[in-house]
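See structure below.
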Amino acid sequence: MVSYKLLTPEDVYFSGSASAEEPPEERVEDNPPESPLLEKQSVCSSSSGFMALGALLLVVCGVWLIGTIFWLHNPSNQFPHRPPPPASASASRAPDRVANSPQSCSAIPENWRFDCYPERIVVTQDLCEARNCCFVQVSPENPPSKNGIPWCFYSPDFPTYSVATLNETQLGYTAQLKKAEKTYYPMDIETVQLDVMFETDSRLHVKITDPASRRFEVPISVPNATKKAPSPLYTVEFSKNPFGLKVKRTATRTVLIDTSVAPLFYADQFLQISTSLPSRFIYGLGEHRAAFLHDVEWNTLTMWARDAAPVEKTNLYGVHPFYLGMEPGGLAHGVFLLNSNAMDVVLQPAPALTWRTVGGILDLYIFLGPDPSSVVQQYLEVVGLPAMPPFWALGYHLCRWGYNSSDNTWNAVKTMRKYGIPQDVQWNDIDYMDKSLDFTTDPQNFATLPDMVKDLHSHGQRYVMILDPGISSTQPAGSYWPYDEGLKRGVFINDSSGQTLIGKVWPGLTAFPDFSNQETHEWWFENLQRFHAKVPFDGVWIVSQRCFVFPSICFSFLSYRKEMCIFYASRQDMNEPSNFLDGSLKGCPSNELEDPPYSPGVLGGTLRAKTVCASAQQKASVHYNLHSLYGLMEAKASSSALKRILGKRPFVISRSTFPSQGLYSGHWLGDNQSRWKDLHTSICGMLTFNMVGIPLVGADICGFGGTTTEEMCVRWTQLGAFYPFSRNHNSINQKAQDPTAFSPAGRTAMQEALLLRYSLFPLLYTLFHHAHVDGCTVAQPLLFQFPNDEKTYAIDRQFLLGKILLVTPVLEQGVNYVVGYFPEGLWYDFFTGDCLRSSGEEVKLDAPLYKINVHLREGAVIARQRANTTLWVTSGQRLHLIATLTDEGTASGDLFWDDGETIDTYEMNQYAYVVFDVAKNVMTSQVLHENTEATYITLETVSFFGVKKEPTNVTVNSQDVPFTYKANQVLTVRDLGLNLSQNFTISWA
């Protein structure tokens, strides 16, 4: 790697015993020279003249629509990023500084050039050199938008911090870093404090703060270590001048973090730190629509919660500045930046990564794993383990925007029952409200809503409705309690002058609750309580802006976007928070919060685009700092309120998310479309959100926008049957897409997929228990279980439930087969028990329309139940165990069981836990924790996959029993009648 300044031996400090500094690694540049930034776009104007009225309107509308899409994805000249004006050479450089030599600049390989001018403009040599940076135009014949290689990059002697003092502390080290020269961003902080804390053997905490002034820190609960880790898996090294921090894995000497590759910035509104990466395999950094494995070819990921339908290269609803990186040898580590301000995360092919944020502090956690699952568990030890959902949350959910009446909603439920299609939860979108007002119902069209909910409850089903945070401010005084009471209690966000900030959403002009204020939580609870007395709902859906698609025009648009669609209409809801206006009804003031010296690449070009003003005042801080926390804080308020109202586990689904969200809510992946590629991207999103501690996640099955087809909806239902959160939802004015809307063949295929999901409830519920208690993932990529198999690193068209159940869905139109990768080992067909022995290879699988391919990994024991149309009924059915034997004849598994709704059953010891083991032709069960709930469950059948030789006898608790043995080596024992709460033994010989 290339450091921006060479170090002498005396500049290096070590965390342990002294050792020689490794020389910089030489890298050979293998990428052809190309140019970086998008060219400045010219402004188009129409020529004058008379045209036919219809043609003129068509041209104007077309230009407006194209321009709007272009503006959304490229900051326009109307709202430019404001780079600081170029200073003169004498002002920006020390008097004795010599200009960068072309030789020293050109010597830096292209992949190791760190952008000195990240503002989204075409950089000239004068602009670049005014910042005392190197300017090398990569390829004059290619436009800058060709790729991201920066023309303007940091020079080897760019001024930055050096270590003034370094002292040991009870937890690790503290250092004072000083800068001799100011750089080009205003309010440069000349002295910062570095704290390096060895919190656990697998977790290192690095914090850089301003010792002279308290800065905003994210208000979530994190562990508070009190003593230094005794045997850390990492070694920390410091370079003195310039400052650099290097973190190595002690066992392998692999460098996980090396900040000496580029200068550290710490200005009031521009904080930046870069690091090398040990490999190009990087995951996480949500929420973005992308492959599960990130592209490191000059890829900028912007984070600022935004109400935008999922498209590539756009900041979306959630912010999760956490990544998992793979290392040589199959080891893994993770890095988390605890910062909620708008930021860019830049990946470049060195490989290297840059964190660039506009506020807060640099608060980094490094997790040593050493395997991917351990990294996730260590991350969740910091941000919090996900909540255990109520059992019914794992059933099938049905919703649409546009039922238009409670009778239509009720009829949808009745039709599902008529055809015997499983359904646990019925939802309503915003059309249930009176004039789009929260906590109201349409008195005409939804007059029978309370009766419908009563009917749902009588059938063991549940009801969930949508809530937007925007509260109407224009109703007659005294007529709308939520606003009147909220205004009296001061629960709304204020503008910079201290007046209630007024925006515009569905009901018209609105105020926005300030969920950073505890009084707002109480007000929110009282609103939900009052509404629950009228409509006894079971969960809430808190949402953000939503775009839906009417028939659209798609076309090629610039080199960096392969496809762009013009949407004829858009729908917007609110927990980013979203706003139909930019900022407020009055606009926003002109200040450094609204127009910071650097703005990340947010959709719309400014921080206020389609949300409230960045300078808006909230209880905890200004919105500039709290914006991306809004969905988290609303989820926390909603979860707390539901616990108080229902006295049971809360169910909350949120669009906008932030680290620790899993404590309070699940997440759905936003307003997707009925397109085949959206099936694939839903898997990527599901895997990413499981990795950041929000396992209750899924996409809108069959697509929210556009019109699905029967084939697509069947395939999507088969895939969605394995989402941790499984919901079919579509948009207004679209054809119905619930399973009953299709042909008998299509309806049956969807019914079978959902019955399969319901039969797997014991497995799914146990996986959520392990997520809640241990920080495990429910859905996970193959690489988590096979980190030594690099072929798994980019697989995101298949996934595992837990460690054992491999799902290989069809994601393309018009095919009757699917190709899946099977890592080395034995894999058993879930339905037949047929064995597939793989050396690590792709296999072509038959996949007619009615079938989804599911395989079980060797060495597992899983529990199934007889499926019924609700989980309330299913959960009382008899169990069927499947054991998938290794070549050595071993297998193991477990089962967690409780009443499904009581809060904190694990913490209060109100649960049953049973483990199963198979070895030497004997299966044993052991009840490790007893509970009455287990006494209601009976084990009916056990199947053993991979029994190499037909037995002559089988005994259960030493009693001979009948059995069957098939040629595909499946041994089955039926009619057992064993109580789950009692240990048992099954053996064969």
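Hydrogens, waters and symmetry mates are skipped; everything else that's a heavy atom, side chains included, is used. Position 1 is the first residue of the sequence, and the numbers go up from there. Computed from a predicted model, the values in this text were never measured in an experiment.
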Apply ring-ring contact (aromatic ring centres under 6.0 Å, His included) to Phe114 and Tyr154, showing your working. CA-CA 6 Å; Phe114 291 84; Tyr154 298 114; 7.5 Å; no
Between Cys116 and Cys152, is the SG gap short of 2.5 Å?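 A disulfide is absent here, as the SG pair of Cys116 and Cys152 is separated by 2.5 Å or more.
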Cystine candidate Cys128-Cys134, SG separation under 2.5 Å: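 Cys128 does not pair with Cys134 as a disulfide (SG atoms not under 2.5 Å apart), so no.
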Pick one: which of Phe689, Phe292, Tyr379 meets ring-ring contact (aromatic ring centres under 6.0 Å, His included) with Tyr283? Phe292
Can you list the steps and then say if Tyr624 with Glu592 is a side chain to side chain donor-acceptor pair (under 3.5 Å)? CA-CA 10 Å; Tyr624 182 88; Glu592 69 281 355; over 6 Å; no
Between Glu297 and Asn299, is the side chain to side chain donor-acceptor pair (under 3.5 Å) condition met? List the steps. CA-CA 6 Å; Glu297 294 291 330; Asn299 184 15; over 6 Å; no
Side chain to side chain donor-acceptor pair (under 3.5 Å) between His320 and Glu287, worked out: CA-CA 7 Å; His320 294 274; Glu287 181 175 10; over 6 Å; no
Side-chain donor/acceptor of [X] to backbone N/O of [Y], under 3.5 Å:
X: Thr657; Y: Gly318; answer: no
X: Arg356; Y: Leu271; answer: no
X: Tyr266; Y: Ile208; answer: yes
X: Glu594; Y: Ser615; answer: yes
X: Trp304; Y: Leu607; answer: yes
X: His627; Y: Ala614; answer: no
X: Ser239; Y: Pro242; answer: yes
X: Thr354; Y: Ser274; answer: no
X: Gln193; Y: Thr209; answer: no
X: His294; Y: Leu301; answer: no

Between Phe270 and Tyr598, does the ring-ring contact (aromatic ring centres under 6.0 Å, His included) criterion hold? Intermediate values first, please. CA-CA 7 Å; Phe270 186 87; Tyr598 175 81; 5.6 Å; yes
Can you name the nearest heavy-atom pair linking [X] to [Y], along with the distance?
X: Leu166; Y: Phe238; answer: CD2-CD1, 4.0 Å
X: Asn339; Y: Gly359; answer: ND2-O, 2.9 Å
X: Arg113; Y: Ser106; answer: NH2-O, 3.7 Å
X: Val123; Y: Phe135; answer: O-CE1, 3.6 Å
X: Val383; Y: Pro659; answer: CG1-CB, 4.0 Å
X: Tyr161; Y: Glu190; answer: CE2-O, 3.5 Å

Derivation of the salt bridge (charged side-chain N to carboxylate O under 4.0 Å, His left out) call for Asp188 and Lys179: CA-CA 9 Å; Asp188 220 353; Lys179 178 182 285 188; 3.2 Å; yes
Min side-chain heavy-atom separation [X]-[Y] under 4.5 Å:
X: Phe322; Y: Thr688; result: no
X: Val335; Y: Trp355; result: yes
X: Leu177; Y: Thr191; result: no

Taking atom types as modelled, is there a side-chain donor on His205 or Asp195 under 3.5 Å from an acceptor on the other? no
Applying the side chain to side chain contact (heavy atoms under 4.5 Å, CB included) criterion to Thr275, which one of Ile257, Leu256, Val247 satisfies it? Ile257
Does the side chain to side chain donor-acceptor pair (under 3.5 Å) test come out yes or no for Asn579 and Thr611, once each step is laid out? CA-CA 5 Å; Asn579 190 353; Thr611 187; over 6 Å; no
Is the cationic atom of Lys178 (NZ for Lys, CZ for Arg) positioned less than 6.0 Å from the six-membered ring centroid of Phe243 and within 45 degrees of its normal?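 No, Lys178 does not lie over the aromatic ring of Phe243.
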Within 45° cone of Tyr117 ring axis and under 6.0 Å: Arg131 NZ or CZ: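 The answer is yes, since Arg131 meets both limits relative to Tyr117.
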Mind running ring-ring contact (aromatic ring centres under 6.0 Å, His included) on Tyr234 and Phe367 for me, showing each step along the way? CA-CA 9 Å; Tyr234 46 85; Phe367 310 103; over 10 Å; no
